[in-house]
Amino acid sequence: MPELPEVECVVRGLRRRIIGRTIERVTVHLPRIVRGSPLDLAEHLPGRIFRDVRRRGKLIIIGLDGGLSVLVHLRMTGQLLWLEPQAPLEKHTHVIFHLRSGRHLRYRDQRQFGWIQLAESEHLDQQPQIAGLGPEPLEIEREAFVRRLRSHRRQIKPLLMDQTILAGLGNIYADESLFQARIHPLSRASRISTVKLNRLHIAVGEVLGKAIDCSGSTVRQFRGTDGEIGEFQNHFRVYDRQGQPCPRCRRPIIKIRVGGRGTHICARCQQLPREKTR
DNA sequence: GTCGATGTTATCAA
DNA sequence: TTTGATAACATCGA
């Protein structure tokens, strides 16, 4: 569920809530969620203070004092919730950070794909989950963006979602960006015109920016740190809108499969250039 | 009850 | 090099 905008909103929410607070203890209810040794959390975290929270791609990086960081990947259904300790224990709550103030930061994850890991702040760049990430889509310059995408001949949509190419795009924002740029998701990246790739660079920035401004998208069950739902799903132009009219040309949006993922397009506005037939 | 789909990603085979 | 299938898991809707 959470792509770059949702993760960014969680990070901002966490910043508001946890910076400067001290961890009293950590309880792990589902050890599989913690990479490395789950005991590490209980052992190394008590007494530490949250110093900063940031994002790299879809990964949340929480810095503590004493040179340790907590990495959190929400994958499909992870949530980090800021709650009163007496708040009812919701189903799928797997890890609880008990803060000295009495408050809870709870990790909840219905499908249990997400994970939490302790890491040394000094060596974050060597963490494989971080070292392999491509540039931030909201920071990369146009020329570098075009060069990077055009150097592969894969289908443009799976390429956009490849975290080593760009870090942060997932299924929703790939569909929305390709629609805005009027590019068919099956187009071979190496054969897309400079004009279209320039358009895609702008589209990615605008789509992600607006989604962040809207507190993300809640399609199934995304929640911000304070349990708030996103609003960008009300602005989808193609995602999950099959059968409804294209906002540009009124022809019905169709749903196809690309790289194994459900993909929403307007077949008129996003045309596939004829493949060379060798 | 069954089947297929769901926003992610790692891994394997072709 | 690129692709598709599969797996991890729970839930929902047809």
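All values reported here derive from a predicted model rather than from experimental measurement. Reminder, nothing fancy here: chain letters follow the sequence lines and each chain counts from 1.
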Asker: For A:Asp40, which residues count as a side-chain hydrogen bond (donor to acceptor under 3.5 Å, both in side chains) partner, sequence neighbours excluded?
Answerer: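 Testing A:Asp40 for side-chain hydrogen bond (donor to acceptor under 3.5 Å, both in side chains), a comparison that skips the adjacent residues, returns none.
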
Asker: A:Arg148: which residues meet the side-chain hydrogen bond (donor to acceptor under 3.5 Å, both in side chains) condition with it, sequence neighbours left out?
Answerer: none

Asker: In B/S/- notation, 5' to 3', how is nucleotides 3-14 of chain C contacted by protein heavy atoms closer than 4.0 Å?
Answerer: S----BBBS---

Asker: Could you tell me the separation between the CZ atom of A:Arg261 and the P atom of B:dT8, rounded to a whole number of Å?
Answerer: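 The distance from CZ of A:Arg261 to P of B:dT8 comes to 5 Å, rounded to the nearest Å.
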
Asker: Does A:Glu122 have any salt bridge (Lys or Arg N to Asp or Glu O under 4.0 Å) partners at least two apart in sequence or in another chain, and if so, which?
Answerer: none

Asker: Got a sec, which hydrophobics cluster with A:Val238, joining ILVMFWY side chains under 4.5 Å apart, including via others?
Answerer: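 A:Phe179, A:Ile253, all in the cluster of A:Val238.
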
Asker: Scan for salt bridge (charged side-chain N to carboxylate O under 4.0 Å, His left out) pairs involving residues 55-68 of chain A, sequence neighbours excluded, and state none if there are none.
Answerer: A:Glu8-A:Arg55, A:Arg55-A:Glu136, A:Arg56-A:Glu136

Asker: Between protein and nucleotides 2-5 of chain B, what N or O pairs are separated by less than 3.5 Å?
Answerer:
none

Asker: If I take atom CG in residue A:Asp162 and atom C1' in nucleotide C:dT2, what distance separates them, rounded to the nearest angstrom?
Answerer: 11 Å

Asker: Once side-chain hydrogen bond (donor to acceptor under 3.5 Å, both in side chains) is applied, do any residues pair with A:Thr164, and if so which ones, sequence neighbours excluded?
Answerer: A:Asp162

Asker: Roughly, in whole Å, what's the span from CZ in A:Phe236 to C1' in B:dT6?
Answerer: 13 Å

Asker: Angle between ring planes, A:Tyr107 versus A:His94, binned at 30° and 60°: parallel, tilted or perpendicular?
Answerer: tilted

Asker: Mind checking who shares a hydrophobic cluster with A:Leu124, ILVMFWY linked at side-chain heavy-atom distances under 4.5 Å?
Answerer: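 A:Leu59, A:Ile61, A:Leu71, A:Trp115, A:Ile130, listed by chain and number.
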
Asker: Where does DNA chain C pair, written as one dot-bracket string 5' to 3', with Watson-Crick or G-U pairs under 3.5 Å, ( ) inside the strand, [ ] for crossing pairs and | for another strand?
Answerer: .|||||||.|||||

Asker: Which residues satisfy the side-chain hydrogen bond (donor to acceptor under 3.5 Å, both in side chains) test with A:Gln86, sequence neighbours excluded?
Answerer: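 side-chain hydrogen bond (donor to acceptor under 3.5 Å, both in side chains) check on A:Gln86 returns nothing, list empty.
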
Asker: Do any pairs count as a salt bridge (charged side-chain N to carboxylate O under 4.0 Å, His left out) and have a residue in residues 224-238 of chain A, sequence neighbours left out, and if so which ones?
Answerer: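 As it turns out, the salt bridge (charged side-chain N to carboxylate O under 4.0 Å, His left out) pairs with a partner in residues 224-238 of chain A, which skip direct neighbours, are A:Arg16-A:Asp226, A:Arg17-A:Asp226.
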
Asker: How many whole angstroms separate atom CD1 of A:Ile33 from atom P of B:dT9?
Answerer: 15 Å

Asker: What is the separation between atom CD1 on A:Ile156 and atom C1' on C:dT1, rounded to the nearest whole Å?
Answerer: 16 Å

